Peer 1: 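Dumping the structure here so I can ask a few things about it.
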Amino acid sequence: MTAKEDDANRRAAAQHTVAEHLRLTAAGHTEEWVKLFAPDAVLEFPYAPDGVPKQVTGRDALLAHMRGFPETFDVEFGDLVFHDTVDPSLVVAEFRSKGTALPTGKPYEQTCISVVRTDDDALITHYLDYWNPLVAIEALTPHDVPSGSDRSVAFGG
């Protein structure tokens, strides 16, 4: 196999892992989802609101963080676009989520960009997740909460 073919295979495997991450997240299969991550993987949320950790490290912590997601959001992911990178183990993905915040019944629509690094086995080692926390806060805030109130949220963990 040539270096170019090896890179193409690694890129395809890394992109498949990210696509599986979205599929399993939407399906609420957190036990299967966490197996996409290396044992010491890092999930990072640079724009996380109050109530949501900015970083989660390790499979046990990832599972604990995401355990409540299926009861919090009913979402589908679409419009997945992978942007080419020089490093075949690095994935830059752009996608949209559309669904409902289950505690409030409000719509939850989000545009995301994720920068994901994988290892030689296509397991996620670092997932940098860029999403708009204001969308989540609005979706999770009950209709009867006044606009000037504390709107911190807790979901996922």
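Because the structure is predicted, anything quoted here is derived from the model rather than measured. Values below: every heavy atom of this structure, side chains too, minus hydrogens, waters and symmetry copies.
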Peer 1: Checking side-chain polar atoms at under 3.5 Å, does T30 have a donor or acceptor matched by the opposite partner on R67?
Peer 2: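 No, R67 and T30 have no side-chain donor paired with an acceptor closer than 3.5 Å.
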Peer 1: Restricting to salt bridge (Lys or Arg N to Asp or Glu O under 4.0 Å), what partner residues turn up for D121, sequence neighbours left out?
Peer 2: none
Peer 1: Any link between W131 and Y127 through a network of hydrophobic side chains (Ile, Leu, Val, Met, Phe, Trp, Tyr) touching at under 4.5 Å?
Peer 2: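 Yes; Y127 is reachable from W131 via cluster members.
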Peer 1: Sequence neighbours excluded, which residues qualify as side chain to side chain donor-acceptor pair (under 3.5 Å) partners of T85?
Peer 2: none
Peer 1: Please check if the number of heavy atoms outside D60 that lie under 6.0 Å from its CG is greater than 12.
Peer 2: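 Incorrect, the count does not exceed 12.
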Peer 1: Taking NZ in K54 as the centre, count heavy atoms belonging to other residues, nucleotides or ligands within less than 6.0 Å. Is the count above 12?
Peer 2: yes
Peer 1: Testing the basics here: between T72 and P103, what is the closest heavy-atom pair and its distance to 0.1 Å?
Peer 2: O-CD, 3.3 Å
Peer 1: Name all residues meeting the side chain to side chain donor-acceptor pair (under 3.5 Å) criterion together with E20; count only those two or more places apart in sequence or in a different chain, and write none if there are none.
Peer 2: R23
Peer 1: Can you name the closest pair of heavy atoms from S114 and D129 and give their distance?
Peer 2: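 For S114 versus D129, the nearest heavy atoms are OG-OD1, 3.1 Å.
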Peer 1: How long is the span from the CG atom in L123 to the CZ atom in R59, to the nearest 0.5 Å?
Peer 2: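 Result: 6.0 Å between the selected atoms.
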Peer 1: Can you see which heavy atom on A139 is nearest to which on P107, and at what distance?
Peer 2: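 Here A139 and P107 meet closest at CB-O, 3.5 Å.
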Peer 1: Name all residues meeting the side chain to side chain contact (heavy atoms under 4.5 Å, CB included) criterion together with N132; count only those two or more places apart in sequence or in a different chain, and write none if there are none.
Peer 2: Q110, L134, V135
Peer 1: Closest approach of V18 and V91, non-hydrogen atoms and distance?
Peer 2: CG2-CG1, 3.8 Å
Peer 1: Would you compute the distance between atom NZ of K106 and atom CG of L140 and round it to the nearest 0.5 angstrom?
Peer 2: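 K106 atom NZ to L140 atom CG measures 8.5 Å (nearest 0.5 Å).
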Peer 1: Do L90 and F95 belong to the same hydrophobic cluster, where Ile, Leu, Val, Met, Phe, Trp and Tyr are linked whenever their side-chain heavy atoms lie under 4.5 Å apart, directly or via other members?
Peer 2: no
Peer 1: Hey, quick one: are F69 and V116 part of the same hydrophobic cluster, counting side-chain heavy atoms closer than 4.5 Å, chains of contacts allowed?
Peer 2: yes
Peer 1: Side chains of S97 and Y108: any donor to acceptor distance under 3.5 Å?
Peer 2: no
Peer 1: Would R10 and D120 count as a side-chain contact (heavy atoms from CB on, under 4.5 Å) here? Give the steps.
Peer 2: CA-CA 8 Å; R10 288 185 69 195; D120 291 340; 3.2 Å; yes
Peer 1: List the atom pairs, with distances to 0.1 Å, where a side-chain N or O of residues 31-49 and a protein N or O form a donor-acceptor pair under 3.5 Å, not counting sequence neighbours.
Peer 2:
unit_1: W33; atom_1: NE1; unit_2: H21; atom_2: ND1; d: 2.7
unit_1: W33; atom_1: NE1; unit_2: T25; atom_2: OG1; d: 3.4
unit_1: E44; atom_1: OE1; unit_2: H126; atom_2: NE2; d: 2.9

Peer 1: Please report, to 0.1 Å, the donor-acceptor pairs under 3.5 Å made by any side chain of residues 73-83, with sequence neighbours excluded.
Peer 2:
unit_1: H83; atom_1: NE2; unit_2: E94; atom_2: OE1; d: 2.9

Peer 1: R117: which residues meet the salt bridge (Lys or Arg N to Asp or Glu O under 4.0 Å) condition with it, sequence neighbours left out?
Peer 2: D87
Peer 1: Membership question, hydrophobic clusters at under 4.5 Å side-chain separation (ILVMFWY): are L22 and L63 in the same one?
Peer 2: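 Same cluster.
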